[in-house]
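Following: one structure in structure tokens, then a few remarks.
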2 protein chains.
Amino acid sequence: MTNTASEGQPERKRGSGARVVYESLRDEILDLSLAPGSPIDEVQLAERFSMSRTPIREALVRLAGEGLVETLPNRSTMVSNIDFLNLHTFFDAITLMYRVTTRLAAQNHVVTDLDIIRGHQAEFAAAVAAQDALAMIATNRAFHAAIAEAGRNPYYTALFLRLLDEGRRLLRLYYQSFQDQLPREFVDEHEAMIAAIAERDLDRSDRLARAHADQIVRQIQQFLARDTRQDIAL
Amino acid sequence: MTNTASEGQPERKRGSGARVVYESLRDEILDLSLAPGSPIDEVQLAERFSMSRTPIREALVRLAGEGLVETLPNRSTMVSNIDFLNLHTFFDAITLMYRVTTRLAAQNHVVTDLDIIRGHQAEFAAAVAAQDALAMIATNRAFHAAIAEAGRNPYYTALFLRLLDEGRRLLRLYYQSFQDQLPREFVDEHEAMIAAIAERDLDRSDRLARAHADQIVRQIQQFLARDTRQDIAL
DNA sequence: TGCATTCTATTTGTCGACAGGATACTTGAC
DNA sequence: GTCAAGTATCCTGTCGACAAATAGAATGCA
């Protein structure tokens, strides 16, 4: 059956072709649906989205600009690998962004910002309670994105979002490891950060953000360094 | 005469089309050869570079990804405006990147890094002596880029380079204002930073970077706030 | 004369097709 | 049997063309 494309297609609008492909591929890469290192075939994508190669290529160029795919000249583009050897630079950068955005949020937020932040925090708490790993990742990102927005510095916000997205692949690995016993601390830490921001306590916001980042980094590092060898008597 | 394209053209290599256009447009935007807000016509560029619209569009997509052009759907793309109202966020971010990269360079550099850094510093000093504004901007960027490279954190390096490039448009305005009396302090500050990095003095590197950033920010703010009204007796 | 509407023209978004390279496979020689 | 050269096939980079959408001009109406 190959005629599925010819009938039920919802008639995409004119300028939306590349965006749909971009967002779809982006989600699949960050959710590890597309494995790091796997090649990407343009004609295959063109068939799948039932459109020409032109918008596909535009989406790939955008993804390459964000480092999510790597394109070798005259050869197939592939999903970027996770650079485990240089993870410490990633942790260093994202820790700094946690701190800076939270500090700036304490300084520059307006009241409506707090409502938005609290809303995302409620959704995050619900996701933790429901033990929904994917929802936890999404709502956690939204929570910190809202804090960064309240900080009112687009440069920090953009870098932070990029780092959070790149970390999404790590978090996906991480959360998969313990779907049952979920980190309740994160919810409490978020609450403390909200309180510090609301009181416009810059230094406390900074400290809490740093502790939060350290907590996450430590957990992921423990996960990566875990020893799964079984103690078998020989 | 329209046959200029058919004869003297240096026969571009296969994969290089979009890169040439990207780099050319990027330089022209950052040098203010293309005024902020001016529209960009694809067919015009296609004629100018004597190639199809496809590589032109790819270059524009990349530039849009870096925020150097803004593309309105179904309408012409235009050179991004300089956001003078939010300059303080730019200054805040670039100051932090000055500090972080210099501090990390003091921590992580190897001896060959210092040679490279000193080489760029020599070129910068020569440009200052020659009162060549464009060369000053270029060599100054290379100097700080080398420091960032020595810091070994690609996330910081990438953001810093983006900020330096975006600042290139400001610096272009700034340096144009006093081609004669050039800021000799910058050369001395660079030397002090090199010394602190070489001695692996993290805190001193940080302080010097911050002072250097403050110096530049102050100069640009003074330039932007200058009062050019003439005192005419009425 | 001013405003709304229709028509036109320019420009973008998308498409199908072709050619240049690169990889993989086949064939031949040592 | 192994290595090298030639060949075939696949995929990307580029091209010219068409269609949708918007902006501007022209026209009609109050």
Thinking salt bridges, do A/R152 and B/D92 make one under a 4.0 Å N-O criterion? no
Between B/N86 (side chain) and B/T89 (backbone), is there a donor-acceptor pair under 3.5 Å? no
Within the distance-only criterion (no hydrogens, no angle test), does the side chain of A/S80 pair as donor or acceptor with the backbone N or O of A/L68 below 3.5 angstrom? yes
Mind telling me whether B/H144 and B/F160 have parallel, tilted or perpendicular rings, with 30° and 60° as the class edges? perpendicular
Name the residue closer to the 5' end of DNA chain C, choosing between A/P55 and B/E42 according to the nucleotide with the nearest heavy atom. B/E42
Over 12 non-hydrogen atoms of neighbours within 6.0 angstrom of CD in A/E23: yes
Report yes if at least one side-chain N or O of A/R75 is closer than 4.0 Å to OP1 or OP2 of C/dG21; otherwise report no. no
Output the rounded distance in Å from CE (B/M51) to P (C/dC18). 22 Å
Give the rounded distance in Å between these two atoms: CD1 of A/I56 and P of D/dC11. 15 Å
Show each protein N/O and nucleotides 5-10 of chain C N/O combination with a separation under 3.5 Å, one pair to a line.
none

Any salt bridge linking A/D165 with A/R141? Criterion: basic side-chain nitrogen under 4.0 Å from a carboxylate oxygen. yes
Under 4.0 angstrom, heavy atoms only, what part of the nucleic acid is B/I40 near: base, sugar-phosphate, or nothing? sugar-phosphate
So, with a heavy-atom separation below 4.0 Å from DNA chain C, the residues of residues 58-70 of chain A are none
Mind calculating the distance between CZ (B/F49) and P (D/dC15) to the nearest angstrom? 13 Å
Quick one, B/Q221 with B/F91, criterion side chain to side chain contact (heavy atoms under 4.5 Å, CB included). Give me CA distance, side-chain angles, the key distance, then yes/no. CA-CA 10 Å; B/Q221 281 179 330; B/F91 290 141; 3.8 Å; yes
What is the distance, to the nearest angstrom, from the CE atom on B/M78 to the C1' atom on C/dT12? 14 Å
I'd like to know if B/R48 pairs up with B/E28 as an ion pair, taking the criterion as any Lys NZ or Arg NE/NH1/NH2 lying under 4.0 Å from an Asp or Glu carboxylate oxygen. yes
Sort me out a list of protein N/O and nucleotides 19-21 of chain D N/O pairs below 3.5 Å, or just none if empty.
from   : atom 1 : to    : atom 2 : distance (Å)
D/dA20 : N3     : A/R14 : NH2    : 3.4

Flag, side chain of A/S38 to backbone of A/A35, donor-acceptor distance under 3.5 Å: yes
If you check every side-chain atom of A/R53, which of D/dT12, C/dT12, D/dC15 has the closest atom? D/dT12
Of the listed nucleotides (C/dT12, D/dT12, D/dT14), which one gets closest to any side-chain atom of B/R57? C/dT12
Taking only Lys NZ, Arg NE, NH1 and NH2, and the carboxylate oxygens of Asp or Glu, determine whether B/R162 and B/E66 approach each other closer than 4.0 Å. no
One thing to verify: whether B/D27 and B/R168 come together as a salt bridge, which I'm taking to mean a side-chain N less than 4.0 angstrom from a carboxylate O. yes
